[in-house]
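To keep things clear, I will list the structure first and then write my remarks on it.
We use all heavy atoms of the structure for the numbers below, so side chains are in, but hydrogens, waters and symmetry mates are not. Small disclaimer: the values here were computed from a predicted structure and weren't measured. Within every chain, numbering begins at 1; the chains are lettered A, B, ... in the order of the sequence lines, protein sequences first and strands thereafter.
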There are 2 protein chains.
Amino acid sequence: MTASATEARPLTPAARRVLDVAGQLFYTRGINTVGMELLAEEAGVTKKTIYDRFGSKQDLVVAYLRARDERWQDCLDRHVAVAGTPRARVLATFDALYAWMDGENPRGCAMVNAYAELSDPDHPGREVAVGQKLRLRALLADLVEQAGAAAPGRLAEALAMLHEGAVVACSVLGDTDATRTARDAAETLMGAHGIAAEAPSQV
Amino acid sequence: MTASATEARPLTPAARRVLDVAGQLFYTRGINTVGMELLAEEAGVTKKTIYDRFGSKQDLVVAYLRARDERWQDCLDRHVAVAGTPRARVLATFDALYAWMDGENPRGCAMVNAYAELSDPDHPGREVAVGQKLRLRALLADLVEQAGAAAPGRLAEALAMLHEGAVVACSVLGDTDATRTARDAAETLMGAHGIAAEAPSQV
DNA sequence: AGCGGCGTATACCGGTTGGTATAGTCACCG
DNA sequence: CGGTGACTATACCAACCGGTATACGCCGCT
């Protein structure tokens, strides 16, 4: 038995190293172009160890995506938590994105990239990617509903698109203002949906 | 000499077949996972022929991206041309996207995917991708400026992000309404920038 | 004292990668 | 008639791929 996918046991030191290296190499060079041999070498570990801990490359890829997703989620939660009103929380998701892009995300969304690289529709890594997208949408829909939006689903979807677009603009085009632009647009969209800046007592 | 990158001579029948097959396989299965052997077999052609016509895999990838970019541009031009006002033309770009997604783009933006797969920063395919993104932004900026937007650059950038986000939503999440949602959001954004539906005589 | 989990080292497997070499066929064209 | 461009067929190359096998060392736990 080679460590089932869904358990979260503490990870051995060598496994940690492998996962860290995978997090860097898979992201920066692409999943398909990074071989297990290189991974092992870079982590100071033998291939045997990798296969003992993770089972297969496919499973390691899933672990990599899960770990990255978790880090992004932490970043998101941290920024959303400090904001007060639902409206401010929505805008905080763009601040989280800004922080995320500035350092951890120079090569675009890892989930979208993985989706592109893993052409097999049955690859378990795919549902990690769609899970992340759905979670953001659910969060946004929840927030704008709290803020009193008329059609929370549609607005949340549009806001999520701004997120996605900002990532592409920032990584592919190097537009460092992208998240700012997206945030401004989000403010505009919310305003048009009846979510105003201040003075909520405007019945 | 193996056919320089920028010339556009008619393409031999075999080369056409290769480029068509590459257009399908590279997009649906990913660039790195499709080998020249498979490509040759599928096109009913020898590897020798491919290398005689295209020089290298890298060059073939560039040709593939160029051809796809051109097809999208045609789709875009077609939809924009029939629209009247600048505002309608902006919205027409989303109609173009809808038509494009419905049939030619089930696996997301080929340019973004290629950007993810080609990790080498010097790969010539990359500038094809950024070129496409810049061209859309230039078009949008031009249109919203004609429509009298206050800050054409920022608005165009936000609209482009909606494009990008719609593609991801549609391909990864299977949201068939994505382009519609993006179009509606675009209308809202333009409205907030002083580009109204009708009655332009509103000095 | 002993055992099992963790790790190293090395070698190997069949298959595939991008790319090249050699030899030959066919059709068109001056 | 001869030449040339387009193409096929086959074989080959070194390098790398994911994955497995064998054998051994270390350390903490009971």
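Judged by distance alone, with hydrogens and angles left aside, the side-chain atoms of A/R17 form a donor-acceptor pair with the main-chain N or O of A/G44 at under 3.5 Å. Side-chain N or O atoms of B/N105 include none that pairs as donor or acceptor with a backbone N or O of B/V167 at under 3.5 Å. Using modelled atom types, no side-chain atom of B/R87 and backbone atom of B/A147 make a donor-acceptor pair closer than 3.5 Å.
Here B/T46 does not reach the OP1 or OP2 of D/dT10: none of its side-chain N or O atoms lies under 4.0 Å away. Taking 4.0 angstrom as the limit, A/R53 places a side-chain polar atom (N or O) nearer than this to OP1 or OP2 of C/dG7. OP1 or OP2 of D/dT8 has at least one side-chain nitrogen or oxygen of B/R17 nearer than 4.0 Å.
Counting only heavy atoms from C-beta outward, the side chains of B/L60 and B/L39 approach each other to under 4.5 Å.
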Would A/Y51 and A/M36 count as a side chain to side chain contact (heavy atoms under 4.5 Å, CB included) here? Give the steps. CA-CA 9 Å; A/Y51 279 95; A/M36 300 298 268; 3.4 Å; yes

Show your reasoning for whether side chain to side chain contact (heavy atoms under 4.5 Å, CB included) applies to A/L162 and A/L189. CA-CA 10 Å; A/L162 288 175; A/L189 285 183; 3.9 Å; yes

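We find that CD of A/E41 is positioned 13 Å from P of C/dT10, with the value rounded to whole Å. Between B/D52 atom CG and C/dT20 atom P there is a gap of 10 Å when expressed in whole angstrom units. Taking atom CZ on B/F54 and atom P on D/dA6, their separation rounds to 12 Å, with Å as the unit.
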What nitrogen or oxygen pairs link the protein and nucleotides 12-19 of chain C at under 3.5 Å?
unit_1	atom_1	unit_2	atom_2	d
C/dG18	OP1	B/K57	NZ	2.4
C/dG18	OP2	B/M36	N	2.8
C/dG19	OP2	B/Y51	OH	3.0
C/dG19	OP2	B/K57	N	2.9
C/dG19	N7	B/K47	NZ	2.6
C/dG19	O6	B/K47	NZ	2.3

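Counting only heavy atoms from C-beta on, A/V45 has its side chain closest to C/dT8 among D/dC7, C/dC6, C/dT8.
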Counting primed atoms, P, OP1 and OP2 as sugar-phosphate and everything else as base, the B/S/- map of nucleotides 24-30 of chain C against protein heavy atoms under 4.0 Å is -------

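The residue B/T12 sits close only to the backbone: its heavy atoms come under 4.0 Å of sugar-phosphate atoms, none of a base.
Once rounded to the nearest 0.5 Å, the distance linking CD of B/Q73 with CZ of B/R135 reads 4.0 Å.
Atom CD of B/E127 sits in a sparse spot, with 12 or fewer heavy atoms from other residues, nucleotides or ligands closer than 6.0 Å.
A cation-pi contact, defined as under 6.0 Å to the ring centre and within 45° of the axis, links A/R68 to A/Y27.
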